[in-house]
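Working notes, beginning with the structure itself.
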2 protein chains.
Amino acid sequence: MSKIKKDNTEERILDAAQSVFIQKGMDGTRMQEIADTAGINKALLHYYFRTKQKLFEAIFKKIFSGAFPSIKDFLLSDTPIEEKLEVFIERYIDLLLKNPFLPIFILKEINRDPDFMIMTLKSGGVNPSEILDIFEEEMHKGNLRKMEVREILINTIGLCIFPFAAKPLLLNLFFENDKNAYKQFLVNRKTTVKDFVLNSILIK
Amino acid sequence: MSKIKKDNTEERILDAAQSVFIQKGMDGTRMQEIADTAGINKALLHYYFRTKQKLFEAIFKKIFSGAFPSIKDFLLSDTPIEEKLEVFIERYIDLLLKNPFLPIFILKEINRDPDFMIMTLKSGGVNPSEILDIFEEEMHKGNLRKMEVREILINTIGLCIFPFAAKPLLLNLFFENDKNAYKQFLVNRKTTVKDFVLNSILIK
DNA sequence: GTCTATATGGCGATAGAC
DNA sequence: GTCTATCGCCATATAGAC
């Protein structure tokens, strides 16, 4: 089946809204800007989605249904913990390289309207407990040093996310605004974060 | 000299504005809310600071003049690298425990208006190069494993900041909304982040 | 300096023609 | 379904009395 370019209005609106919302957040977004980006007028936005809030919720759900392809099967498979972490970090950073505004967007909205965000995330299947169980088991087997398992996951995610969320600052303070160097730094983190985490949690 | 409670209007405004701006950010803040918090009316805000933007800039500068007490003397002193990192992390997390909204505030504003933020930070003396030099030297002496020095500092800061910036999410997903447990987790990070980082960068 | 009242502009949302 | 025109509100900002 050939890929048809869907240019129906609803989809154009969703694409435009996603692009603006993810960069400016709920508070910073203007309906006019979404309309301009979609090449239509404001009234149509309301015709399709009634309110800004409803449009935002549609976008947030859309982002999360697509953003987190399941990695559970792999994590639960019978591979060494090093490899699991490696693949997790690689996929996570790849996802962020494709969606660099995702971290700051989520952090902003999580702090602005926690209840809605958490509800949406949970109904999207976000649940760390299975991953924590894996760490727990490996620790029991003596493959990981004794520590709070939540710490491992929280630190790993934090290390992946931070350079994206703080990009404008780090780009300036650490890379003299050399965007290519910064991009390379981000790509390299697929390896360096893995090394950093493994060096810290594996028993030598 | 006894501490006099200064209750002049300008200071009340600054305190109120700081409290609101840091929680809601520039976009999410209403002048009315600042006025209410300060116990005055909107007009006075404009009498003292003319515009919301100017008030915001005053607050941002105020936060940064007080927020980062110099730790340079200590970092440049003749103490082992382990101790330097330990004290750096301890002070950093203590600062965040006292100003838990600081991370998300800075991340938001850094992404909203990078030029102004970076200018302000730099004129406030923020400059990582001296710290990077220390890592460079220790690495040369063979005390740290070979790696990109920027990585050490960026990771350390990221690990300190992330649990504050993502608090509502982590509180729910990892701590079942037990605020005391989360608070304890944050306090413990003065030790656990240090261990995590040192385990990763020290040569065994 | 501090207040009330009001101007001014922008934004979300709606009405109504086509 | 899509547009233009406009409403109504809210937020920043100002005018002017005290």
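So you know, we letter chains A, B, ... as the sequences are listed, proteins then strands, and number each from 1. Everything numeric here is computed off the predicted structure, so don't read it as measured data.
- At whole-Å resolution of the value, CZ in B:F49 and C1' in C:dG1 are 14 Å apart.
- Atom NZ in B:K24 sits roughly 14 Å away from atom C1' in D:dA11 (whole-Å rounding).
- The number of heavy atoms from other shown groups lying within 6.0 Å of NZ (B:K183) does not exceed 12.
- Look at CG on A:D27: it is 11 Å from P on C:dG12, rounded to the nearest Å.
- Put simply, A:R50 has no side-chain N or O that comes within less than 4.0 Å of OP1 or OP2 on C:dA13.
- Look at CG on B:N41: it is 17 Å from P on D:dG16, rounded to the nearest Å.
- Nearest-nucleotide positions on DNA chain C place B:K42 closer to the 5' end than the other of A:K52 and B:K42.
- Here B:F21 and B:F56 bring their ring centres to under 6.0 angstrom of each other.
- Distances from the side chain of B:A43 to the nucleotides C:dT14, C:dG1, D:dA15 place D:dA15 closest.
- Taking every side-chain heavy atom of A:L44 into account, D:dG1 is the closest of C:dT2, D:dG1, D:dA13.
- Between the P atom of D:dT14 and the CG atom of B:L45 lies a distance of 13 Å, rounded to the nearest Å.
- Within a 6.0 Å radius of NZ in B:K24, no more than 12 heavy atoms belonging to other residues, nucleotides or ligands are found.
- The side chain of B:M31 sits closest to D:dA13 out of C:dA13, C:dC3, D:dA13.
- In this entry the distance linking CD1 of A:I34 with P of C:dA13 reads 11 Å, nearest Å.
- Distance, A:H46 NE2 to D:dC3 P: 14 Å, rounded to whole Å.
- Looking at heavy-atom distances under 4.0 Å, B:Y47 makes contact with a base.
- Comparing C:dA13, D:dA13, C:dG1 by their closest approach to the side chain of A:T51 singles out C:dA13.
- For an aromatic pair to be called close, the ring centres must be under 6.0 Å apart, and B:F162 with A:F162 fails this.
- Counting non-hydrogen atoms of neighbouring residues, nucleotides and ligands closer than 6.0 angstrom, the NZ atom of B:K194 exceeds 12 such neighbours.
- Between the CD1 atom of A:I40 and the P atom of C:dG12 there is a distance of 14 Å, given to the nearest Å.
- Within the 4.0 Å cut-off from OP1 or OP2 of C:dT2, at least one side-chain nitrogen or oxygen of B:T9 is found.
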